[in-house]
Amino acid sequence: MEAAATVCSQILSLDAASSTDSYIADLQKAMLDATPDCIKVLSAEGNLLTMNRAGCLALNVPQDSRFGMPWLSLLPADVHADGKSALTKAALGETVRFLGNSASSSGPVYWDNLLTPLIDSQGKVLSILCVSRDVTEKVQLERELGEALNREKLIAREMHHRIKNIFAVISGLILISEKEANSGPSANQVIQILRAKIKALSRASDVVFIKKNNSTEAEGLTDLVDVSRAVLRPYGERCLVDGEQILVAQGRVSVFALLLHELATNSVKYGALSKDSGNVAISWALNNHTVLFSWLEKGGPKISTEPECRGFGTEMVNRTVQSLKGRIDRKWDEEGLSVNIRFPHIKE
């Protein structure tokens with residue numbers, strides 16, 4: 001980029017005698033028009049003095065234009081601030097660059113703009129050479145890499161969150177199993193009860209992370225009652241499911257199952273399911289193509305105020321509701337957390 005600017009400066013700085021020769025002038029223009037870079041010469045005040053063919057095409061300026069218009073007026077509004085700052089520095093004799101953009105029929109185009117002051121022997125800035133190079137592919141690649149890195153970080157956080165949840169859920173199931181065994185005729189049944197609950201948890205995970213074998217096949221419909229009972233089966237009668245039959249497509253079943261799984265896991269760690277006396281009432285209804293879902297906890301730790309800090313589990317619930325195109329409202333009553341969620345009923 002800097003080398004291209006140097007060459008252009010040399011072409012434009014031919015002496016006055018040579019510049020009057022039409023052949024030399026035509027040669028200059030041909031050389032500048034041959035490059036895909038946008039070459040512009042600006043006055044120190046920022047007015048456009050001349051521009052090569054690529055620049056005219058990029059800025060939608062006729063090639064036979066007399067120019068003279070403010071250069072910044074040709075740029076998108078969102079880069080005016082950066083362009084003005086670069087122009088001010090270049091007018092003071094500093095070489096500067098900034099990233100700009102323009103619109104095209106195929107999408108945004110990103111430009112690496114290098115402003116080089118053309119200075120006379122007394123150190124006065126005569127004009128400013130601006131070389132703009134299309135770096136769209138590079139910018140898009142950098143952004144894709146950044147997005148991929150962010151996804152990897154999110155996946156790592158989610159994996160860490162799920163591993164911690166495994167221990168929390170198993171610990172909660174041990175306590176629930178001990179309570180059920182102690183209330184029965186034989187206290188020695190705790191291992192069998194725990195084993196059954198872990199198997200139920202395994203079956204529930206199949207529902208949560210279910211995947212279609214063939215994305216081109218028509219998706220079947222599943223009742224939310226069946227999904228809820230499968231996911232909440234490890235918690236036995238402590239999770240009471242009461243909802244009308246609502247059939248949804250397989251793609252939304254896994255999302256709804258994940259939502260129940262996260263709510264139950266958070267309850268095991270912090271809410272009603274963390275106490276022997278706690279229970280959860282789950283219900284839903286369909287109202288004008290909208291599912292109204294309720295999660296109501298009772299008998300858990302007393303709640304005095306809304307938690308100041310929300311963990312990754314809460315973030316997971318929020319993201320899951322968002323993927324359902326829904327809205328979530330939480331209320332921290334003294335007796336326990338209540339969650340109300342609204343999301344559109346989609347069967348396709």
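No donor-acceptor pair closer than 3.5 Å links the side chain of Ser65 to the backbone N or O of Val61. Listed for the Glu244 side chain is a donor-acceptor partner under 3.5 Å among the backbone atoms of Leu286. Using a distance-only test at 3.5 Å, with no hydrogens or angles considered, no donor-acceptor pair links the side chain of Ser267 to the main chain of Leu263. Within the 3.5 Å criterion, the main-chain N or O of Ala272 finds a donor-acceptor partner in the side chain of Glu297. With hydrogens and angles disregarded, a donor-acceptor distance shorter than 3.5 Å links the side chain of Asn52 to the backbone of Ile39. Judged by distance alone, with hydrogens and angles left aside, the side-chain atoms of Ser85 form no donor-acceptor pair with the main-chain N or O of Ala81 at under 3.5 Å. Side-chain atoms of Asp120 come within 3.5 Å of backbone atoms of Gln122 as a donor-acceptor pair (strictly under, hydrogens ignored). The closest donor-acceptor contact from the side chain of His261 to the backbone of Val231 lies at 3.5 Å or more, if one exists at all. Although no hydrogens or angles enter the test, the distance criterion places a donor-acceptor pair under 3.5 Å between the side chain of Arg238 and the main chain of Gly278.
Hydrophobic clustering places Met51 together with Leu42 (ILVMFWY residues linked when any side-chain heavy atoms are closer than 4.5 Å, directly or through intermediates). Hydrophobic clustering (ILVMFWY, side-chain heavy atoms < 4.5 Å, transitive): Val79 and Leu48 are in one cluster. Leu260 and Val225 fall within the same hydrophobic cluster, defined by Ile, Leu, Val, Met, Phe, Trp and Tyr side-chain heavy atoms under 4.5 Å apart, directly or through other members. No single ILVMFWY cluster, assembled from side-chain heavy atoms under 4.5 Å apart, contains both Leu296 and Leu240. Follow the hydrophobic side-chain contacts under 4.5 Å out from Val248 and you reach Leu259 in the same cluster.
Judged purely by distance below 3.5 Å, without hydrogens or angles, the side chains of Ser132 and Lys40 pair a donor atom with an acceptor atom. At a cut-off of 3.5 Å, with distance as the only test, a side-chain donor of Asp134 or Thr136 sits close to an acceptor on the other residue. Trp295 and Ser338 share no side-chain donor-acceptor pair at under 3.5 Å.
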Stepwise side chain to side chain contact (heavy atoms under 4.5 Å, CB included) test for Leu99 and Asn113: CA-CA 6 Å; Leu99 183 66; Asn113 299 291; over 6 Å; no
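A heavy-atom distance below 4.5 Å is found between the side chains of Leu232 and Val241. Val291 places none of its side-chain heavy atoms less than 4.5 Å from the side chain of Phe256. Val321 places none of its side-chain heavy atoms less than 4.5 Å from the side chain of Arg327. Between Glu334 and Ile303, the closest side-chain pair of non-hydrogen atoms is not below 4.5 Å. At least one side-chain heavy atom of His345 sits under 4.5 Å from a side-chain heavy atom of Ile246.
With respect to Glu147 and Arg143, no salt bridge is recorded, no charged nitrogen being found less than 4.0 Å from a carboxylate O. A salt bridge does not link Arg133 with Asp112: every distance from a Lys NZ or Arg NE/NH1/NH2 to an Asp or Glu carboxylate oxygen is 4.0 Å or more.
With rounding to the nearest 0.5 Å, the separation of CD1 in Ile328 from CD in Gln322 is 11.5 Å. Separation of atoms CG (Leu87) and CG (Leu72) is listed at 6.0 Å; rounding is to 0.5 Å. Thr320 OG1 to Phe343 CZ: the interatomic distance, rounded to the nearest 0.5 Å, is 11.5 Å. Put simply, OG1 on Thr95 and CD1 on Ile128 are 10.0 Å apart, with the number rounded to the nearest 0.5 Å. To the nearest 0.5 Å, atoms OG1 (Thr116) and CG (Leu129) are separated by 5.5 Å.
Between Phe293 and Trp284, the angle of the ring planes stays under 30°, which puts this pair in the parallel group of the 30/60° scheme.
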